[in-house]
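All of these numbers come straight from a predicted model, not from anything done at the bench. Along the sequence shown, residues are numbered consecutively beginning with 1.
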Amino acid sequence: MSEYEKIDNQFPKARFSIQIRLDDLDKVIIDKDIAFIKYDACCYYQNKPLTKIYMCKNPSGNITVRDLINCLIKNRFKTNCGHVFLEQFTIDNDSTIVPFFGS
Ligand SMILES: [Zn+2]
């Protein structure tokens, strides 16, 4: 089984493709118990502006890549374009995290 198949098996309900290394799933992105994922539609040709914000929690005080993925899944998140490959999360400001989707 390939690495990405193993990841898909861990997140069977994901409506996007996770292209993050297995070793990075438990990496702490932000040392807070609450953070916000902010998704801005990535394609200029989408005719209406689209921003979605999701709140993620981890009472331990450390939010990991896995927590963020589970948060997107819980909210049934999917992109409405060909950018379906989740490649990374970056910290946008104090407690806002931006996912990057490639095509
Ligand atoms: Zn797109």
Just checking, is any N or O donor in the side chain of Asp33 or Asn58 under 3.5 Å from an acceptor N or O on the other one?
no
Check the pair Thr96 / Ile91 against side chain to side chain contact (heavy atoms under 4.5 Å, CB included), numbers first and verdict last.
CA-CA 6 Å; Thr96 305; Ile91 298 176; over 6 Å; no
If we check side-chain contact (heavy atoms from CB on, under 4.5 Å) with Val65, which of these qualifies: Ile97, Asn70, Ile18, Ile20?
Ile20
Are Ile63 and Val28 linked, directly or through other ILVMFWY residues, by side chains that come within less than 4.5 angstrom of each other?
no
Is the Phe77 to Phe101 ring centre distance short of 6.0 Å?
yes
For Ser103, side chain to side chain donor-acceptor pair (under 3.5 Å) partners two or more places apart:
none
Is it the case that over 12 heavy atoms from other parts of the model lie below 6.0 angstrom from the NZ atom of Lys52?
yes
For Ser95, check side chain to side chain donor-acceptor pair (under 3.5 Å) against everything at least two apart and list the hits.
none
Value for OG (Ser2) from CG (Leu22), rounded to nearest 0.5 Å, stands at 10.0 Å
Taken to the nearest 0.5 Å, the spacing of His83 NE2 from Ser17 OG works out to 13.5 Å
Please report the interatomic distance OH(Tyr4) to CG(Asn9), rounded to the nearest 0.5 Å.
15.0 Å
Are any non-hydrogen side-chain atoms of Ile73 and Phe11 less than 4.5 angstrom apart?
yes
Strictly distance-based, threshold 3.5 Å: is any side-chain N or O of Asn75 a donor or acceptor partner for the main-chain N or O of Cys71?
yes
Report the residues that fulfil salt bridge (Lys or Arg N to Asp or Glu O under 4.0 Å) with Lys32, sequence neighbours left out, ordered by chain and then residue number.
Asp94
Glu3: what forms a salt bridge (Lys or Arg N to Asp or Glu O under 4.0 Å) with it, not counting sequence neighbours?
Arg21
Ignoring hydrogens, what is the shortest heavy-atom contact between Ala35 and Ile30? Give both atom names and the distance.
CB-CG2, 4.0 Å
Heavy-atom pair with the smallest gap, counting every atom of Leu25 and Ile7:
CD1-CG1, 4.3 Å
Compare every heavy atom of Pro99 with every heavy atom of Leu86, then report the nearest pair and how far apart it is.
CD1-CB, 3.9 Å
Is a side-chain donor-acceptor pair under 3.5 Å present for Thr90 with Gln88?
no
On a heavy-atom basis, the closest approach of Leu68 and Ile37 is O-CD1, 3.6 Å
Could you give the distance from CG (Asp67) to CG (Leu72), rounded to the nearest 0.5 Å?
11.0 Å
Can you sort out the partners of Asp92 under salt bridge (Lys or Arg N to Asp or Glu O under 4.0 Å), two or more places apart, ordered by chain and number?
none
Rounded to the nearest 0.5 Å, how far does CZ of Phe16 lie from NZ of Lys78?
12.0 Å
Value for SG (Cys56) from CD1 (Ile29), rounded to nearest 0.5 Å, stands at 11.0 Å
Please tell me whether Ser60 and Asn62 have a donor and an acceptor in their side chains that are separated by less than 3.5 angstrom.
no
Audit row: Phe89, Ile69, side chain to side chain contact (heavy atoms under 4.5 Å, CB included) steps and yes/no
CA-CA 10 Å; Phe89 291 100; Ile69 292 171; 4.0 Å; yes
With sequence neighbours left out, the residues meeting side chain to side chain donor-acceptor pair (under 3.5 Å) with Asp26 are Arg66
